[in-house]
Every structure is written in C-alpha cells, then in structure tokens.
Amino acid sequence: MVGEEGAFVLGWDEVLTEEELSVTLKVLCMSEEEFKEYKEEDGWEDDSEEEENSTLTNEALSRLKTPCKKLLYDSVLLTLESYGADLKAEQDLLNNKEAYEKLSRREQQALHVRYGQKRILHQLLELVQ
C-alpha cells in the first residue's frame, strides 16, 4: 500500500501521497471482521467518489477519527526517534553561526533538510493530538 519504501510524503499544507495514506489508515483502523468484509466485497475498487476526491489537507488530518489520529501520532513519534538529534538541537545549530560555518556545505544542506522534515513532523503531531 505504501510502496517499496514504506513511507508517506508530507508537505506543509497536505499529504502528497494522500491515496496511500488514506487506504493505509482505513485498513489499519478496521477490525479484523471489517477487513474481511471489505476484502470480500472488493472494497478496494468500490470506494465512493467522495473518498477518492478528498484531499488530506492539514484541516482534514485534524478531523480524522481518534484511532487514525493515534496511529499517525505514534508513527510520527517513532519517525522522530529515528533522528539523531531533536528539533531544538537542529535549531540551535542553525542559530549558532560559528558552529554552522564549521560544517561543510553538504552538512549544512543536510541540516536544513533534517530541520525542515522535523518541523513538518512536529506540525503533524499538533494536528493529530
């Protein structure tokens, strides 16, 4: 459901891999009985047009059902734990001109990427709390 990498792509305003995330949340939040019924009825292809056309904006994420919010919240926490440093440590390094200038250009770019990723993940945490 989520491709080979097993990851979802999040932007500042919406989920960029919304179909994959929608299906994954739907399935993971089903009971075993609901899943069997959904699978038997070929539910994968019979989703309503409303679901297919819905966009997972930040507003829509904040309105998810509680089990889906919890699943997303816990997933984001696990992802954040996989980083070596927290958001504040990255911000401190960005703000420390002397330490920042000691980094190679590649390290500086990587720092900016990590910091941006962490900010998006923290924003998602706030949306699904």
Chemist: Which heavy atom of K118 sits nearest a heavy atom of L80, and at what distance?
Modeler: CG-CD2, 4.2 Å
Chemist: Give the cluster check for V15 versus L125: same hydrophobic cluster or not, with ILVMFWY residues linked at side-chain heavy-atom distances below 4.5 Å.
Modeler: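 In one cluster: yes.
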Chemist: I would like to know whether R105 and Q108 meet side-chain contact (heavy atoms from CB on, under 4.5 Å); could you show each step before the answer?
Modeler: CA-CA 5 Å; R105 180 76 177 136; Q108 290 173 354; 3.7 Å; yes
Chemist: To the nearest 0.5 Å, tell me how far L56 CG sits from E14 CD.
Modeler: 8.5 Å
Chemist: Could you report the tightest heavy-atom contact between C29 and C68, atom names first, then the distance?
Modeler: SG-SG, 3.1 Å
Chemist: Yes or no on side-chain contact (heavy atoms from CB on, under 4.5 Å) for L111 and Y100, after CA distance, side-chain angles and deciding distance?
Modeler: CA-CA 9 Å; L111 173 63; Y100 180 79; 3.8 Å; yes
Chemist: Show, in sequence, the C-alpha distance, side-chain angles and deciding distance for L10 and Q123, and conclude whether the side-chain contact (heavy atoms from CB on, under 4.5 Å) test is met.
Modeler: CA-CA 10 Å; L10 306 170; Q123 175 181 284; over 6 Å; no
Chemist: Between T17 and F8, what is the shortest heavy-atom contact and its length?
Modeler: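 Closest pair (atom of T17, atom of F8, distance): OG1-CA, 3.4 Å.
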Chemist: Can you tell me how far the CG atom of L28 sits from the CZ atom of F35, to the nearest 0.5 Å?
Modeler: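 One gets 9.5 Å once the value is rounded to the nearest 0.5 Å.
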Chemist: Can you tell me how far NE2 of H122 sits from NZ of K88, rounded to the nearest 0.5 angstrom?
Modeler: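 Answer for the NZ-NE2 pair, K88 versus H122, is 12.5 Å.
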Chemist: Would W12 end up clustered with V128 when hydrophobic side chains under 4.5 Å apart are linked, directly or stepwise?
Modeler: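 W12 and V128: one cluster.
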Chemist: Any chance you could measure L72, atom CG, to L127, atom CG, to the nearest 0.5 Å?
Modeler: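 That separation rounds to 10.0 Å.
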Chemist: Kindly compute the distance separating CG (L21) from CG (L61), expressed to the nearest 0.5 Å.
Modeler: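 So the gap between those two atoms works out to 7.0 Å.
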Chemist: On a heavy-atom basis, which atom in V76 and which in L121 lie closest, and how many Å separate them?
Modeler: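 Taking V76 first and L121 second, the nearest heavy atoms are CG1-O, 3.4 Å.
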Chemist: Does any donor atom in the side chain of Y83 or E90 lie under 3.5 Å from an acceptor atom in the other side chain?
Modeler: no
Chemist: Does R63 come within less than 4.0 Å of E59, counting only side-chain N to carboxylate O?
Modeler: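 E59 and R63: salt-bridged.
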Chemist: With a cut-off of 6.0 Å (strictly less than), are more than 12 heavy atoms of other residues, nucleotides or ligands near CD of E107?
Modeler: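 It does: E107 CD has more than 12 such atoms within range.
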Chemist: Okay, side chain of N96, backbone of D92: is any donor-acceptor separation there less than 3.5 Å?
Modeler: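 Not at all, since once roles are kept as given, no pair shorter than 3.5 Å links the two residues.
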Chemist: Among the clusters formed by ILVMFWY side chains lying less than 4.5 Å apart, do L77 and L124 turn up in the same one?
Modeler: yes
Chemist: Hey, could you give me the CG/CE distance between L25 and M30, rounded to the nearest 0.5 Å?
Modeler: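 Reported to 0.5 Å precision, the distance equals 11.0 Å.
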